[in-house]
Structure formats: C-alpha cells, structure tokens
2 protein chains.
Amino acid sequence: MGAMVTRAESAALTRRALLDAAAELLDLGGPEAVTLREVGARAGVTRGAPYRHFMGKDSLLDAVATESWERIGDQMHALRADPALPASEKLRGALRALIGAGRDQPYRYQLLFKRPGHGPGERGEGIDRVMRQLCGPEGDPAAAVRASMRFQDEFLAVVAAFVGERNARHYGALLLAGAHGIADMELSGHLSEDTWRTTADELVDTLVRLVGDTGETA
Amino acid sequence: MGAMVTRAESAALTRRALLDAAAELLDLGGPEAVTLREVGARAGVTRGAPYRHFMGKDSLLDAVATESWERIGDQMHALRADPALPASEKLRGALRALIGAGRDQPYRYQLLFKRPGHGPGERGEGIDRVMRQLCGPEGDPAAAVRASMRFQDEFLAVVAAFVGERNARHYGALLLAGAHGIADMELSGHLSEDTWRTTADELVDTLVRLVGDTGETA
DNA sequence: GTATCTCAGGTGACAATGTCATCTGAACCC
DNA sequence: GGGTTCAGATGACATTGTCACCTGAGATAC
C-alpha cells in the first residue's frame, strides 16, 4: 500500500504524533515532563520540528487542552442526547464525567483550568517568530476558549433540563464550580476521606439534591 | 542600634528574605518566574545560598505555600472567634475569604492546591543533597499538609456552627469544594459573568442558602 | 586568649531545556 | 525540467536548577 506520500498528509501525521506524544508525556509527569525534545523524539522528529506545527511549548499544550475540552464536550453532548436518562441522571453523569476525567488524567485535567498566559509568547521576538505568528502554524489561544465554551453550552443544556431555563445559568455555574472544586481538591489531596468522612460521589449526590430541591421550584 | 550580629539571627533574616522574595516573584509571574538566582539577588545573596535554607526550589515553594495556609488558617480562626457575627455570616465570610485570597494573589492561591510532587526531590542524589536531607535545612513537605489541616479544622468549626456537628464534615467538604471551585474557575477565566450571568458572591450566597435550608434540618 | 570548629554564603561547573537562525532536500507548481 | 515552498535537521545560545568545592567570620572548647 502506498503509505503517505503527499507533504500535507505527512505533516498532518507528524502534527498528530506530536500532540499524542505531548499528551502522553503530560499524563506521565506533568507539564515539566513535556520536553519538546522528547516530544519530537516520540514523534520521530527532532527538537526543532515542533516549531513548524506550534508556536512553542505553550501553544502545544494549548492544543492538547483544546482537544481535551472537545472530548469532554463530546461526552456532555452524548449525555444530553441520551433519551434513556432522566434529567437528574444526566446531570449526575455530567458532574461525574468531569470528576472522572480528573481522576483518569490528572495533569490533562489541570491543564483545562490553567491560568491563561499573558499574551502569545513572552520570549524574544525574533524574525522567525513574527513570521510564524503572521502566517505560520497555529498559535491561537482562542481555540481552547472556543472548545471550552462548546463544553459549557452542552453542560448548560444538561442543567437547564433539570432546573429549567430560568435558573439554568446561575445553578449551572454553581454545579460546575462544585464539580470542579471536588475534582481539584481530590487531585491535590485536600479531599481526604479520612478528614471529611465523605466521598466525591456522595458530594455530587448532595449537590444535585440541594439544587433539585430548591432550584426547580424557584 | 546594634544590628544583627549572631549567625543564627543573620541566617533567620536571610531565610525570611528568601521567603518574601519568592512570594513576591510568585505573585508577579507565577512559579516559572521564581528563579533561585533572582530570589537570591532580592534577598541579597547569591544563587547557591538558598540551598542552605531549603532543599531546592520545590521546597522553597512548599514553604511559601505553608505560610499561605497558615495565614488563611489565621483568618478562619479570627472569623470563628468573632462573637459579633452570626453563624451564617461567619460561613459566608469564610467562603469569601478563600475566594478573596485567590483574587488577591492568584499564583499563591493556586500553589495551595497544587498536586504534591512525587517524593522529596527527583533530581540526582549527590552527597551534599543527602547530607541536607539528613540534618540540613527544612525540606518537610508535611509542613504544608499540617498547615492546611489546621485551616481545615478552623473551617470545619465554622461550618459546624452553622449546620451542626452531625453533618459538619459532609457539608464542610461540599462548601469548601464549592468555594475553591468558584475561586479556581474565576482565576482560570471560566466563570465569565457574560456566560453565566452571575457572580462569585451570588454563588456563595446561593451555596450557603441551599446548605442552610436542608442542612440544618437534616 | 588562642586554636579549632561550624556553617552561611560564594564560586565554578554541568546538564537540561526553550528558542532561534540557518541550512537542506524533497515534494510541489508551472 | 527548473524554480519554489516548506517540513524537518542542525548548530548555537541564554536561562535555570543543581551540585561539589572553597572561604571566611562567628561560635566553641580549652
């Protein structure tokens, strides 16, 4: 079989390999472990090659975060579209999905809620970098924002089906913040069952119950 | 006035200066901006000096986190001991204090909920490092844990005064996770008022109201 | 009071890493 | 077929964490 030959296909393959390698290294040892040299090596290229596809390490990680948001957004969409589940179960599933994502890939999860960097790149402004910025590879931080907004919309729809359109946004924010707080505290070791005598699942149930009791009637 | 002369006093001053410099740099540009060389420079010493007081960069940041936990723990204690406030206001104040800490010093706040590193140090095991580990400067990651547990105890007491001892732990975890989620989402830009049509303060109020309605009677 | 010790701090060195400028060869277009 | 484009390779550089070793002044023993 004639394998990839066209340059565009080859580049697309490399790009994908770079993203996969970055995500894998991220899962293994966090952002510090994501080395452009190692990413390149795992993708079968050398250290400088990633700069042909991303503006730098930060942009590469941004792209990983974007794909993570898209995946979680897809999960939300699937949950919302499932006709077999009642609204309360959809909401519970949504919250559990978020917490589960944190458990499965902690570093990738934390990347989702990373503080956005100040501007595109904080290093020097070489001629090559300017060229890349203008017409070069992707370096669009807004992509992650768009993907996260898609997730938020799906999540919001799940909430609205439970508490109604009127209070959906307020309670949606509360529920999302609650789930994220649970996930993040669990990851950082601050939700020790020994201290709080409860579990993430119980907290999710309580959260949904509290919102359901007063949210629906409000 | 005879300034510091004894070696112990001088060392204590340096240690404090190192901590202050690290915290300042952290506030300015995040963990990446905390350079041992710059920390040393601001403290009036050179790049190698910090290793006489901390086991490395991670330990230095751990110490900063410990002091932050202690400070927030003190805030909780002050709130709890204030006889002029009703229990609901103490709780609201506690949650708002956490979120306010996040607003005031975002990077220091995020340091509090940072995933603990795997082990003491992941670099080489030189003879000097072993010596330091055995009898050298502080490198106790448990210090931050102890400080955070003190905070948790104070927070738990505030919650207990509101919902009663029986459900204090469960609702305490829920409230703490909720407040942290609100703070962290605000810092990462995921609590945009434009999207959710609500604010952190409103979310805190709702959180307290929900817990108060069904928590007290449960 | 002197000799010795202790240890905070200084210094040189090294490896890892992000980044850039330049080069190269093959796919691409005419 | 010749020129062009661009993914990728390579050399280079600055920054940074870390370590081994050195130094000198305060602390201690006698």
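Throughout, a chain's letter reflects where its sequence line sits, starting with A, and its residues are numbered from 1. Note that the structure is predicted; figures quoted are calculated from it, not measured.
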Calculate the interatomic distance between A:R52 atom CZ and D:dT5 atom P; express it in whole Å. 13 Å

Under 4.0 Å, heavy atoms only, any strand: does B:V39 hit a base, just the sugar-phosphate, or nothing? nothing

Are any of B:Y51's side-chain N or O atoms less than 4.0 Å away from OP1 or OP2 of D:dT18? yes

Rounded to the nearest angstrom, tell me the gap between atom CD in A:E38 and atom P in C:dG18. 11 Å

Separation of B:E32 atom CD from C:dT17 atom P, in whole Å? 14 Å

Which listed nucleotide (C:dG9, C:dT11, D:dG8) is nearest to the side chain of A:V45? D:dG8

From D:dT18, D:dG8, C:dT19, pick the nucleotide closest to the side chain of A:L36? C:dT19

Of the options D:dA7, C:dA13, C:dT19, whose atoms approach the side-chain atoms of B:R37 most closely? C:dA13

Assign each of B:A8 and B:K57 to its nearest nucleotide of DNA chain D by heavy atoms, then name whichever residue's nucleotide is nearer the 5' end. B:K57

Confirm from the modelled atom types if A:R7 and D:dT5 form a donor-acceptor pair under 3.5 Å, side chain to base only. yes

Please state how far atom CZ in A:R15 lies from atom C1' in D:dC6, giving the value in whole angstrom units. 17 Å

Aromatic ring pairing A:H190/B:W69, orientation class (parallel under 30°, perpendicular over 60°, tilted between): tilted

Starting at CG of B:L61 and ending at P of D:dG17, how long is that distance when rounded to a whole Å? 10 Å

Value in whole Å for how far the P atom of C:dT19 lies from CG of A:D58: 6 Å

How many whole angstroms separate atom NE2 of B:H53 from atom P of C:dG10? 9 Å

OP1 or OP2 of D:dG8 less than 4.0 angstrom from a side-chain nitrogen or oxygen of A:T14, does that happen here? yes

So, are A:R16 and A:E67 salt-bridged, with charged N and O less than 4.0 Å apart? yes

For the side chain of A:R47 and the base of C:dG18, is some donor closer than 3.5 Å to an acceptor across the two? no

Assess the side chains of B:T206 and A:H170: does a donor N or O sit below 3.5 Å from an acceptor N or O? yes

Looking at every strand, decide which applies to B:T46 at a 4.0 Å heavy-atom threshold: base, sugar-phosphate, or nothing. base

Distance from B:E89 atom CD to B:F162 atom CZ, nearest 0.5 Å? 10.0 Å

Rounding to 0.5 Å, atoms CZ (B:R92) and CG (B:L175) come to a distance of 11.0 Å

Atom CZ of A:F54 to atom C1' of C:dC20: distance rounded to whole Å? 19 Å

Which nucleotide wins on minimum distance to the side chain of B:T35, given the candidates D:dT16, C:dG9, D:dA27? D:dT16

